[in-house]
Amino acid sequence: TFVGLTLDRHVHASDRAVNLARDVLSGLAANPRELPPKWFYDATGGMLFDEITRLPEYYSTRRERAILDDHASDIAAACPADTLVELGSGTSEKTRLLLDALRAAGGLRTFVAFDVDESTLAQAGRSLIAAYPNLAVHAVVGDFERHLSHLPSGGRRLIAFLGGTIGNMRPAKRGEFLRALREQCGSTDALLLGTDLVKDPDRLVAAYDDGAGVTAAFNRNILTVINRELGADFNIRGFAHVAQWNAADSWIEMRLRAVRDQRVTIDSLALAVDFQRGDDLLTEISAKFTRGGITAELADAGWAVAQQWTDPEGDFAVTLATP
Ligand code: AVJ
């Protein structure tokens with residue numbers, strides 16, 4: 001194996017514009033209007049998300065890190081993988097806890113980082129090869145809802161999907177995703193899934209509507225991305241950040257709400273869209289789970305829960321599942 005950094009692209013810069021155009025066109029035609037949250041993450045969005053993870057109100061990153069701090073060696077003992085695959089890896093920060101534990105367990109050789117954003121991946125990859133000189137780092141630019149079949153195979157893989165990102169999918173999508181992943185996996189592979197748990201709605205809403213306004217800036221950044229990449233003229237100040245707990249569906253909804261009547265034009269789509277004051281654009285759902293619910297969804301998709309850990313406060317869960 002080549003030790004160092006290799007990069008595969010399943011999403012090229014040119015596909016990006018096409019995919020964004022398609023998502024914006026279908027999302028603005030839908031009722032209610034909706035944009036997929038993956039478009040938050042350009043370089044600015046990545047930085048804003050990193051800032052979110054350090055906010056006092058946003059507990060989930062710290063809780064998940066605490067769980068991995070306490071249990072990375074248990075995870076490595078249960079699945080002594082030679083390959084760690086991380087889906088939606090971002091800056092690969094918490095990944096180091098897993099890499100260290102797998103290295104200590106003896107067999108670690110390869111880290112596969114899979115993310116939509118090439119700039120974030122390239123930067124994370126460079127810093128990982130500097131910190132782990134004997135590790136082969138394989139960066140894959142892709143969309144985990146579309147390119148799962150391109151995951152490098154071979155060896156014994158631990159597939160980590162952390163941060164609660166699975167909560168961005170609606171239940172049917174989660175089922176499809178977990179089944180597709182299950183079909184990809186050999187008998188010695190395992191899935192490590194991070195999920196945020198249901199809790200007091202006030203805490204949930206505060207986590208998505210922080211006092212410093214970082215989440216509001218993150219939410220509005222999706223409009224900046226569309227302005228830049230599709231030649232649109234969204235007035236960023238024309239939309240207010242809204243975070244609401246939807247108890248029936250057990251998810252947080254983030255919306256952008258028009259603060260006045262306005263017309264937005266999107267040059268690349270030759271499209272004009274009218275917003276009335278109070279009209280909403282749904283930009284993200286972030287589902288919150290129960291321990292039993294996670295086990296049931298995994299079982300439906302063909303996974304067996306081997307172990308499940310939470311932090312002492314019971315805010316977040318990390319689940320290890322086997323095919
Ligand atoms: C990265 C999808 C896990 O849903 O909590 C943070 C994104 N959105 N604040 C989440 C997010 C608003 C985050 N995930």
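Whatever order the structure lists ligands and atoms in, that order sets their numbers, starting from 1. Residue numbers count from 1 along this sequence.
Note: Y41 and F218 have perpendicular aromatic rings, judged against thresholds of 30 and 60 degrees for the angle between ring planes.
Using a non-hydrogen distance threshold of 4.0 Å, G164 registers as a contact of ligand 1. Contact analysis leaves F40 out of contact with ligand 1, as no non-hydrogen atom separation drops below 4.0 angstrom. Residue contacts with ligand 1: Y41 is included, with a non-hydrogen atom under 4.0 Å away. Residue contacts with ligand 1 include G163, since one of its heavy atoms falls under 4.0 Å from the ligand.
Cation-pi contact between R220 and F234: absent, since separation from the ring centre below 6.0 Å together with deviation from the ring axis within 45° is not met.
Residue-to-ligand polar distances place Y58 within reach of ligand 1: an N/O pair is separated by less than 3.5 Å. The shortest N or O to N or O distance between Y208 and ligand 1 is below 3.5 Å.
Considering only non-hydrogen protein atoms, atom 4 (O) of ligand 1 sits nearest to S286 OG, 2.7 Å. Among protein heavy atoms, the minimum distance from atom 2 (C) of ligand 1 is reached at N168 OD1, 3.2 Å. Remark: minimum distance from atom 8 (N) of ligand 1 to any protein heavy atom is reached at E284 OE1, 2.6 Å.
For ligand 1, the atoms closer than 4.0 angstrom to any heavy atom of F49 are 1 (C), 6 (C), 7 (C), 13 (C). Near F218, meaning under 4.0 Å from one of its heavy atoms, ligand 1 places the atoms 8 (N), 12 (C).
The aromatic ring centroids of F316 and Y59 lie 6.0 Å or more from each other. The distance between the ring centers of F161 and F177 falls below 6.0 angstrom.
At least one donor-acceptor pair under 3.5 Å links the side chain of T53 to the backbone N or O of D50. Not a single donor-acceptor pair under 3.5 Å links the side chain of D249 to the backbone N or O of N246. Without hydrogens or angle criteria, T83 side chain to R157 main chain gives no donor-acceptor distance under 3.5 Å.
For N235 and Q262, the side-chain atoms include no donor-acceptor pair closer than 3.5 Å.
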